[in-house]
Number of protein chains: 2
Amino acid sequence: MVEPDAAEEAVRSLRALILAGERYRQVLSDYVGLWVTETQAVSYLTVHGDRGQNELATDLGLSSGASTALVDRLERQGIAERYPHPSDRRRTLVRLTDRGRAVVRESRMWLLAGFQDVDPSELGPLARQLNVVADRLAERSAEMAERGPGAFHLE
Amino acid sequence: MVEPDAAEEAVRSLRALILAGERYRQVLSDYVGLWVTETQAVSYLTVHGDRGQNELATDLGLSSGASTALVDRLERQGIAERYPHPSDRRRTLVRLTDRGRAVVRESRMWLLAGFQDVDPSELGPLARQLNVVADRLAERSAEMAERGPGAFHLE
DNA sequence: TATTGTTATACTCTATAACTATA
DNA sequence: TATAGTTATAGAGTATAACAATA
């Protein structure tokens with residue numbers, strides 16, 4: 001049986017989860033002594049692996065100048081480091097250091113706490129559903145970013 | 001059967017979803033012509049209903065001064081408005097306007113797109129699981145925020 | 001000619017702290 | 001005495017645009 005209001009409930013839950021994620025980001029950042037953008041970069045590199053600075057900038061919604069400043073800060077704090085692209089000498093890749101991975105381990109425990117009330121047998125299926133939702137949402141955001149700002153007019 | 005790596009998969013998926021949510025926030029904000037903190041406030045008021053400025057500040061991770069500036073901007077743009085607390089004359093409550101609710105309707109479609117690959121019969125159960133995860137994560141963040149910044153030392 | 005990344009300037013949001021009003 | 005909110009100052013990250021190096 002399909003519940004008629006399931007869609008509204010799902011939208012509301014996703015709103016709540018996004019807000020909770022944003023708050024988690026702030027508190028985690030304070031806790032480990034980094035800025036929000038810096039832990040976002042750490043999280044991004046954890047999920048997607050090593051990336052070039054421009055890719056990092058695009059996917060995090062930053063300008064290339066801001067990306068330079070971001071990676072500068074990460075290097076200064078020993079969280080991540082630049083290394084040259086093997087074949088394209090224009091490009092600079094970014095990877096986490098041991099210190100960066102320590103932040104990841106710390107955040108892992110916080111995130112795990114989010115699942116404490118989920119039945120272990122449901123964890124696998126839930127994880128896959130979360131992944132699908134994340135992919136669709138990221139896809140939609142990328143599409144809308146293409147259209148540029150100000151495409152929406154109230155009233 | 002319980003999969004041994006389900007927990008790791010879940011953590012990774014949640015990381016991806018949080019990142020996707022943060023990107024959604026940026027792109028939506030650009031799209032409707034608001035700042036990130038402003039659409040966070042709109043989302044917060046949608047999920048939790050009318051709130052006092054200080055509650056808004058605390059739950060969004062802002063200082064009281066930043067909260068004043070935030071609500072000033074929301075009022076100037078006609079997104080939300082202040083109104084007096086019925087009994088406590090110190091307090092100021094904040095609510096969305098019609099214009100603010102138009103932003104909510106717009107964002108609703110984006111979020112719905114996140115569920116397009118979910119089987120309709122699974123939408124209700126998924127919604128409830130998302131809610132549980134959001135609550136636990138918010139709870140953990142509130143606890144950690146209590147301890148204050150810098151409690152974590154790398155190495 | 002296009003792309004990756006750096007630099008310099010201006011801008012905006014936010015934290016801090018002092019202050020007013022109310023409980 | 002404690003709480004809700006405002007104001008003023010200083011500080012930090014980011015966008016923009018111009019620039020250098022490589023493809």
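Naming convention: chains lettered A, B, ... in sequence-line order (proteins, then strands); numbering from 1 in each chain.
For the pair B:Asp30 CG and D:dA15 P, the computed distance is 9 Å after rounding to whole Å. Counting to the nearest Å, the C1' atom of D:dA2 and the CZ atom of B:Arg91 are 14 Å from each other. The distance from atom CD of A:Glu22 to atom C1' of C:dT14 is 17 Å, rounded to the nearest whole Å. Atoms CD (B:Gln26) and P (C:dC13) sit 15 Å apart, rounded to a whole Å. Between B:Leu56 atom CG and C:dT14 atom P there is a gap of 11 Å when expressed in whole angstrom units. Separating the CG atom of A:Leu34 from the C1' atom of D:dG13 is a distance of 14 Å, rounded to the nearest angstrom. D:dA8 atom P lies 12 Å from atom CG of B:Asp72, rounded to whole Å. Counting to the nearest Å, the P atom of C:dA23 and the NE2 atom of B:His85 are 11 Å from each other.
Between A:Gly61 and A:Arg89, the residue whose closest nucleotide on DNA chain D is further toward the 5' end is A:Gly61. In this structure, A:Asp88 and A:Trp35 both approach DNA chain D, and ranking their closest nucleotides by distance from the 5' end singles out A:Trp35.
Checking B:Gln116 against A:Arg140 by side-chain atom types alone, no donor-acceptor pair falls below 3.5 Å.
Considering only side-chain N and O atoms, A:Arg82 lies under 4.0 angstrom from the phosphate OP1 or OP2 of C:dT6.
Under the 4.0 Å criterion applied to side-chain N and carboxylate O atoms, A:Arg101 and A:Glu106 are not assigned as salt-bridge partners. In this structure, B:Arg12 does not pair ionically with B:Asp5, as no charged nitrogen and carboxylate oxygen lie closer than 4.0 Å. In this structure, A:Arg136 pairs ionically with B:Asp117, as a charged nitrogen and a carboxylate oxygen lie closer than 4.0 Å. Using a cutoff of 4.0 Å between basic side-chain nitrogens and carboxylate oxygens, B:Glu55 and B:Arg91 are scored as salt-bridged.
Residue A:Ser63 places its side chain closer to D:dT16 than to any other of D:dG5, D:dT16, C:dA15. Residue A:Arg73 has its side chain nearest to D:dT14 when only C:dA23, D:dT14, D:dA4 are considered. Comparing D:dA4, D:dT6, D:dT14 against the side chain of B:Arg90 picks out D:dA4 as the nearest.
Note on A:Thr37: only backbone sugar-phosphate atoms sit closer than 4.0 angstrom, heavy atoms only; bases stay farther off. Within 4.0 Å (heavy atoms only), B:Thr92 reaches sugar-phosphate atoms of the nucleic acid but no base atom. Among the atoms of the strands shown, only primed sugar atoms or phosphate atoms (P, OP1, OP2) are found under 4.0 Å from some heavy atom of A:Ser87. Residue B:Leu62 is classed as a sugar-phosphate contact, given heavy-atom separations below 4.0 Å to backbone atoms only.
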